[in-house]
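For ligands, and for the atoms within them, numbers begin at 1 and follow the listed sequence. Each residue takes its place number in the sequence, starting with 1.
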Amino acid sequence: MSKEQNVAAVARQFQVCGEFFAATPYGSGHINDTWCAVFDQAGVPVRSILQRINTNIFRNPVALMENIRRVTAHLAAQESGEPDCGRRVLTLIPARNGQAWHVDAEGNYWRAYRFVEGASAYDAVESTEQAFQAAKAFGRFQKLLAGLPAPRLHDTIPDFHHTPKRFMALEQAIAADVAGRDLLAKPEIAFAFAHQSIAGVLLDANLPERVTHNDTKFNNVLLDDATGEGLCVIDLDTVMPGLALYDFGDMVRTTTSPAQEDERDLSRVTMQFPMFEALARGYLSEAGDFLTHAEKQHLVFSGKSIAFEQGVRFLADYLAGDTYYKVHRDGHNLDRCRTQFKLVESIEHQEERMERLVESIE
Ligand code: ADP
Ligand code: GN1
Ligand code: MG
């Protein structure tokens with residue numbers, strides 16, 4: 001069976017009315033495979049999102065789907081009564097057998113979501129209003145999930161943001177040098193070692209465990225096409241116990257620079273202060289009430305920390321021969337690593353001003 005036929009067959013395994021029409025690859029994620037599937041419902045095309053879960057990375061897809069089911073149900077209950085509540089939370093489409101996922105003949109795990117129409121994800125930020133809206137949506141996401149009833153969510157990837165362990169993985173990749181690339185990344189390896197002290201700070205700061213998203217990349221929130229509002233937080237695979245600052249830090253990492261994550265012209269990669277201000281204001285408008293003093297004190301640091309961690313992860317994957325992130329050209333992971341380290345430097349140059357801003361908002 002061709003890949004297209006397989007996707008069509010899988011799409012028919014979910015509880016969608018109408019005739020399957022077509023499916024096309026969708027989005028620019030690095031981990032899962034996403035398609036937009038179109039069904040003909042009495043002459044009206046209706047879209048849905050179909051995703052094949054990357055089980056090399058998410059080793060327990062059933063536990064992952066249980067997390068997503070609980071999280072989306074809780075959010076939907078909290079948002080019910082809000083205008084347009086059906087577009088504010090991802091809605092899983094059950095498989096025909098009643099489960100939240102489908103396993104195909106090759107053992108791949110699939111899920112489907114209702115398509116959120118009239119909203120878009122952006123790979124690079126275009127305005128401070130977008131930054132504000134994205135951060136507000138992620139802040140609200142954390143706020144609503146603070147009330148998620150027990151039990152604790154599953155850790156879908158253990159130690160996901162454990163930066164010291166990410167650093168150790170880099171050291172192992174350097175030592176193994178399986179792809180023979182150490183010499184090609186000498187400056188980046190040197191940068192990582194020179195900044196190693198960043199790694200343990202958040203873990204040692206006595207910050208509370210919360211339910212967090214852990215992948216708050218700017219393209220993981222849908223902005224309403226008509227109003228620009230931060231409408232719907234997506235990509236819920238890594239929602240699990242974590243630190244609030246992992247989320248804020250990843251927003252700073254992905255939403256303050258005008259350039260894309262794999263930009264090769266590093267002069268374009270910079271932490272734009274007005275974007276940081278918009279993020280801080282948007283996030284604190286929702287999260288300001290529940291964050292502890294220690295969390296607020298580390299907001300600025302979290303951006304540097306997550307950018308550093310991500311650079312370390314891209315570098316380790318480059319040295320290991322590109323086994324984790326999807327790559328589309330030679331040196332892709334090294335290019336991505338460079339943008340992250342450039343961002344660390346850019347934050348370092350502006351840290352004091354950023355700190356003063358955060359203090360003024362509190
Ligand atoms: P990945 O884990 O690979 O990043 P995502 O879950 O972020 O996958 O989805 C990839 C892209 O698909 C998103 O950036 C977004 O553009 C789009 N998308 C995902 N879910 C929906 C949805 N329910 N409605 C509309 N678009 C969606
Ligand atoms: C991956 O799936 P996606 O593209 O949103 C990764 C994140 C990284 C990001 C870097 C499960 O996210 O942790 O920050 O790439 N997701 C996983 O772009 O590793
Ligand atoms: Mg994504």
Practice task
Consider every N or O of Y325 and every N or O of ligand 2, then say whether any pair is closer than 3.5 Å.
Solution key: no
Quick look: I234 vs ligand 1, heavy-atom contacts under 4.0 Å, and the answer is side chain
Are R88 and E79 close enough for a salt bridge, meaning some N to O gap below 4.0 Å? no
| Taking both backbone and side-chain atoms of E261, is any N or O found less than 3.5 Å from an N or O belonging to ligand 2? | yes
Practice problem: Check step by step if ring pair (Phe, Tyr, Trp, His ring centres under 6.0 Å) holds for F14 and Y113. | Solution: CA-CA 10 Å; F14 288 89; Y113 287 117; 9.9 Å; no
**Asked** Any N or O on S28 sitting closer than 3.5 Å to an N or O of ligand 1?
**Response** no
Do the numbers put R353 on top of the ring of F273, so that NZ or CZ is under 6.0 Å from the six-membered ring centre and no more than 45° off the axis? yes
shortest atom 7 (C) of ligand 2-to-protein heavy-atom contact is with D215 OD1, 3.7 Å
Nearest non-hydrogen protein atom to atom 23 (N) of ligand 1, with distance, is R114 O, 3.0 Å
Checklist entry - Do R181's NZ or CZ and the ring of Y318 fall within the cation-pi criteria of under 6.0 Å and 45°? => result yes
Does the N or O separation between Y26 and ligand 1 drop below 3.5 Å for any pair?
-> no
query: Under 4.5 Å between any side-chain heavy atoms of L284 and L291, yes or no?
result: yes
Counting only nitrogen or oxygen atoms and a 3.5 angstrom limit, does H30 reach ligand 2?
yes
Note on the Mg ion (ligand 3): protein N/O/S atoms within less than 2.8 Å are N220 OD1, D235 OD2
At under 4.0 Å between heavy atoms, what of F314 touches ligand 2? The answer is side chain
One finds that the ligand 2 atoms under 4.0 Å from a non-hydrogen atom of G29 are 4 (O)
The atoms of ligand 1 lying under 4.0 Å from a heavy atom of V116, numbered in the order shown, are 22 (C), 23 (N), 24 (N), 25 (C)
The atoms of ligand 1 lying under 4.0 Å from a heavy atom of A121, numbered in the order shown, are 14 (O), 16 (O)
Heavy atoms, side chains only, cut-off 4.5 Å: are F58 and I157 in contact? yes
When distances are taken from atom 14 (O) of ligand 2, the protein heavy atom at minimum range is Q310 OE1, 2.7 Å
Check the orientation of H195 and F308. Use parallel for under 30°, tilted for 30 to 60°, and perpendicular for over 60°.
tilted
Worksheet entry | Evaluation steps, salt bridge (charged side-chain N to carboxylate O under 4.0 Å, His left out), between R87 and E117 | CA-CA 8 Å; R87 292 169 68 234; E117 295 289 350; over 6 Å; no
In this structure, atom 9 (C) of ligand 2 is nearest to the protein heavy atom K217 NZ, 3.7 Å
A student checking ligand 1 against N220 at a 4.0 Å heavy-atom cut-off should list atoms 7 (O)
Item to complete: Indicate yes or no: does an N/O atom of D237 lie under 3.5 Å from an N/O atom of ligand 1?
Response: no
Review point. Does even one non-hydrogen atom of R253 get within less than 4.0 Å of ligand 2?
Key: yes
The answer for which part of K217 has a heavy atom under 4.0 Å from ligand 1 is neither
Self-check item: Parallel, tilted or perpendicular: ring planes of F191 versus F341, cut at 30 and 60 degrees
Solution: parallel
The atoms of ligand 1 lying under 4.0 Å from a heavy atom of G27, numbered in the order shown, are 11 (C)
heavy-atom search around atom 4 (O) of ligand 1 in the protein gives D235 OD2, 2.9 Å
Logged contact type for D33 with ligand 1, heavy-atom cut-off 4.0 Å, is neither
State, with a plain yes or no, whether a side-chain heavy atom of F141 is found less than 4.5 Å away from one of L236. yes
Carboxylate-amine/guanidinium contact R111 D237, below 4.0 Å: yes
Worksheet item: Any N or O on R313 sitting closer than 3.5 Å to an N or O of ligand 2?
Response: yes
Atom 10 (C) of ligand 1 sits nearest the protein heavy atom T34 OG1, 3.8 Å
Quick note on ligand 1: atoms under 4.0 Å from a heavy atom of L90 include exactly 23 (N)
Checking heavy atoms under 4.0 Å, the part of I49 that sits near ligand 1 is side chain
When R313, E188, R253, E309 are each screened for side-chain hydrogen bond (donor to acceptor under 3.5 Å, both in side chains) with Q340, the one that passes is R253
Per-atom filter on ligand 2: closer than 4.0 angstrom to a heavy atom of Y324 are 11 (C), 17 (C), 19 (O)
Near N219 (heavy-atom distance under 4.0 Å), the atoms of ligand 1 are 14 (O)
Check your understanding: Does ligand 2 have any atom that is closer than 4.0 Å to a heavy atom of D235?
Key -> yes
Q51: heavy atom below 4.0 Å from ligand 1, yes or no? yes
A student checking ligand 1 against G29 at a 4.0 Å heavy-atom cut-off should list atoms 1 (P), 3 (O), 4 (O)
Honestly, for N220 the part within reach of ligand 2 (heavy atoms, under 4.0 Å) is side chain
task = Determine, for K342 against D265, whether the closest basic-nitrogen to carboxylate-oxygen distance falls under 4.0 angstrom.
result = no
Any donor-acceptor pair under 3.5 Å from K143 side chain to A287 backbone = no
